[in-house]
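Written out below as structure tokens is the structure these notes cover.
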Amino acid sequence: MSEEKSLNFIEEIVAQDLAAGKYDAILTRFPPEPNGYLHIGHAKSICLNFGLAKHFGGGTNLRFDDTNPTTEETEYVESIKADVKWLGFDWVKECYASDYFDTLYGFAIQLIEKGLAYVDDSSPEEIALQKGTPTVAGTGNAYRNRSIEENKTLFEAMKAGAFEDGAKVLRAKIDLGNPNMHLRDPLLYRIKKAHHHRTGDKWCIYPMYDFAHGQSDSIENITHSICTLEFIPHRALYDWGIEQLGIFPSKQYEFARLNMTYTIMSKRKLLQLVQENHVESWDDPRMPTISGMRRRGYTPESIRDFCERIGIAKRENIIDFSLLEFCVREHLNKIAQRRMVVTDPIQLIISNYELGEEILHSENNPEDPDGGVRAVPFSKELWIERDDFMELPTKKYFRLGPDLMVRLKSAYIIKCDSFDKDEHGNIKTVYASYFPESKSGSDTSGIHVKGTLHWVSAKHAVPVTLNEYDRLFKVEDVAGAEGDFKDYINPNSLTKVTTAWGEPALLEDSKEARFQFLRKGYFYQDTTSTQTALVFNRTVTLKDTWAKEQKK
RNA sequence: UGCCUGAUAGUAUAAUGGUAGUACGACUGUUUUUGGUGCAGUUUGUCUUGGUUCGAAUCCAGGUCGGGCAACCA
């Protein structure tokens with residue numbers, strides 16, 4: 001308790017409101033539009049909104065902002081609910097802006113009756129023109145002076161379907177000269193004869209964001225409505241609507257959205273990646289979507305930790321991808337089961353091994369004393385990693401080479417005697433002898449080696465496919481880069497490794513288990529993986545100071 | 001060039017008129033049957049110019065730079 005974390009600016013506002021007795025309890029909301037899958041940027045908002053309620057006592061509504069029937073689908077609704085749950089949050093109420101369509105229509109009538117809204121027959125182009133520019137005031141048109149009765153009749157006719165799409169709109173009558181463009185008689189309703197995923201064909205007029213969002217917040221008695229910076233200019237309208245309607249005064253607060261290096265956060269662009277097959281699907285493990293990250297092997301804990309670490313502020317930001325990687329490594333290091341998998345194998349023959357085979361044991365997780373051990377079969381003929389042998393080793397190379405000694409993890413120390421190459425000059429087989437008294441756990445050999453290698457017994461190994469992922473884009477700031485974002489897609493973001501061999505324990509492991517393949521990285525079974533064809537996705541590599549050393 | 005925002009190490013974030021701190025990154029060293037982990041340490045910062053004050057990252061004024069705003073999208 002004494003080490004309390006400092007509050008971010010929104011937490012301070014809430015703390016002050018509560019201290020001042022403004023509310024007994026707070027109610028926040030997470031309001032996605034169901035027109036795409038949730039991504040890591042949404043996770044930031046989810047953690048903020050649900051975290052606030054958890055911290056200060058209160059609740060959070062999950063509200064679907066479904067006011068645009070042409071872009072929204074039930075598939076998205078379902079994925080959003082699954083993602084929020086997976087992240088570990090429960091909402092107080094599941095709400096839909098579309099549930100308020102009747103109330104919202106009533107609000108519009110009220111505005112018309114107060115002389116604060118009118119039906120405009122102008123085309124989108126005309127309206128845009130009449131709005132002026134940021135430096136030049138807008139001009140009105142004749143429709144602005146329609147009588148209350150006429151507006152009411154017309155609006156009712158709009159609802160009844162008397163007009164075609166685009167023929168008329170309902171506009172608020174505020175101020176065409178306002179320096180805030182959003183106050184220059186904003187559109188409240190438009191005609192859209194489209195099928196809505198929830199209300200079907202009941203409606204042919206739909207409220208705009210600015211006439212749905214604040215009103216929905218108010219209907220639900222949301223105390224703190226938190227959104228991203230680009231909505232700051234909308235706040236005046238948000239407050240205007242609530243004031244004119246005399247409804248519950250929800251308040252809007254804004255924070256900076258998340259940006260990350262080497263990826264994009266725009267739903268529109270993510271949809272493009274899916275539709276144009278740059279990735280396989282919304283849950284492609286390379287995507288920054290929650291479902292993609294889940295499939296890749298990220299844990300909800302690590303994502304929550306990440307959101308905690310990046311903080312909340314109003315300044316534009318771009319977070320290093322390496323921070324996310326740090327968070328997931330930190331969690332996985334504690335919980336992942338260690339297994340041995342050789343990805344690019346060469347043969348290792350233990351010339352003096354006459355036992356045939358034996359069962360050795362290796363700890364499941366050195367971080368967890370209660371993690372237990374697993375059986376690992378050992379034999380005369382093994383697979384080791386091609387990278388772990390060097391014909392002409394450099395000074396700092398701790399692995400195998402002519403006359404060099406290493407330990408085979410959880411097994412014996414060996415010494416390389418000779419090696420063979422194939423017709424292309426590539427190493428094919430390494431011959432070594434082992435020291436029986438160096439057996440792991442009962443080593444009396446007195447030999448000290450610098451390197452320890454992972455290995456699998458050729459006879460017992462199971463074939464596995466590995467999906468090794470790299471960053472989706474080649475540049476740090478994709479959104480800020482010149483030209484089309486698709487020009488920066490990393491063509492090597494996925495490497496499918498089909499030559500790998502894993503230890504047989506993998507066959508008995510749960511599909512949900514998180515693994516660390518020793519010295520390789522953290523892996524998680526793909527959704528396409530089966531008992532007879534194991535497929536693992538690489539969540540993240542291990543930190544590799546050797547690779548860094550080599551680059552010098 | 002109208003309005004709205006923001007500016008603290010490479011990246012984030014704290015300090016709420018009183019010692020500029022933390023995390024990630026980078027770099028050392030150490031431990032290690034994972035070149036992983038752990039541990040110890042080093043490194044780099046208040047956009048600028050004035051002002052108020054005993055004292056300014058913080059308050060005031062001017063400037064500079066970044067972001068947003070003129071969708072029948074949210």
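Chain identifiers are assigned alphabetically (A, B, ...) following the order of the sequence lines, protein sequences preceding nucleic acid strands; residue numbering begins at 1 within each chain. Remember, it's a predicted structure, so these values are computed and weren't measured experimentally.
A donor-acceptor pair shorter than 3.5 Å cannot be found between the side chains of A:Q550 and A:Y397.
For B:rC73, the OP1/OP2 oxygens have a side-chain nitrogen or oxygen of A:R190 closer than 4.0 Å. For B:rU11, neither phosphate oxygen OP1 nor OP2 lies less than 4.0 angstrom from any side-chain nitrogen or oxygen of A:T261. Put simply, A:K548 has a side-chain N or O that comes within less than 4.0 Å of OP1 or OP2 on B:rA26. For B:rC69, the OP1/OP2 oxygens have no side-chain nitrogen or oxygen of A:K131 closer than 4.0 Å.
Counting heavy atoms from C-beta on, the side chains of A:L62 and A:P32 come closer than 4.5 Å.
Between A:R538 and A:E468 there is a salt bridge, since a side-chain N of the basic residue sits under 4.0 Å from a carboxylate O of the acidic one. We find that A:D65 and A:R29 are not joined by a salt bridge, their nearest charged nitrogen and carboxylate oxygen being 4.0 Å or further apart. Between A:R309 and A:D305 a salt bridge is recorded (basic side-chain N to carboxylate O distance below 4.0 Å).
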For nucleotides 20-23 of chain B, list the nitrogen or oxygen atoms of the protein found under 3.5 Å from its nitrogen or oxygen atoms, one pair per line.
from: B:rA23; atom 1: O2'; to: A:R309; atom 2: NH1; distance (Å): 2.8

Report, one pair per line, the protein and nucleotides 44-47 of chain B atoms (nitrogen or oxygen only) whose separation is under 3.5 Å.
none

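B:rA57 and B:rA20 have their C1' atoms separated by 8 Å, with the value rounded to a whole Å.
Counting only Watson-Crick and G-U wobble pairs whose two distances sit under 3.5 Å, RNA chain B takes part in these stems of three or more pairs: B:2-7 with B:64-69, B:10-13 with B:21-24, B:26-30 with B:38-42, B:47-51 with B:59-63.
The six-membered or imidazole ring of A:Y298 lies away from that of A:Y524, with a centre-to-centre distance of 6.0 Å or more.
For A:K131, there are no side-chain hydrogen bond (donor to acceptor under 3.5 Å, both in side chains) partners two or more places apart in sequence or in a different chain. Scored by the ring pair (Phe, Tyr, Trp, His ring centres under 6.0 Å) test, A:F378 finds A:Y353, A:Y412, A:W455 as partners (sequence neighbours excluded).
Within 4.0 Å (heavy atoms only), A:T541 reaches no atom of the nucleic acid at all. As judged by a 4.0 angstrom heavy-atom cut-off over every strand, A:Y206 is placed among residues making no nucleic acid contact. Backbone-only contact: A:H182 has heavy atoms under 4.0 Å from sugar-phosphate atoms and none from a base.
Of the candidates B:rC69, B:rC73, B:rU1, the closest approach to any side-chain atom of A:T135 belongs to B:rU1. Among the nucleotides B:rA14, B:rC72, B:rC69, the one closest to any side-chain atom of A:P124 is B:rC72. With B:rC72, B:rA14, B:rC73 as the candidates, the nucleotide lying closest to the side chain of A:V169 is B:rC72. You'll find that the side chain of A:P179 is closest to B:rC3, out of B:rG67, B:rC3, B:rA74.
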Report task. Might you work through the ring-ring contact (aromatic ring centres under 6.0 Å, His included) test for A:Y238 and A:F231, ending with a clear yes or no? Result -> CA-CA 10 Å; A:Y238 183 103; A:F231 290 99; over 10 Å; no
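Under a 3.5 Å cut-off, the side chain of A:H42 and the backbone N or O of A:I290 do not form any donor-acceptor pair.
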Query raised in the report: Which letter, B, S or -, goes with each nucleotide of nucleotides 29-36 of chain B from 5' to 3', with contact meaning a protein heavy atom under 4.0 Å?
Result: ----BBBB
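When each of A:Y118, A:Y206, A:W203, A:F155 is paired with A:Y189, the ring-ring contact (aromatic ring centres under 6.0 Å, His included) condition holds for A:F155 and for no other.
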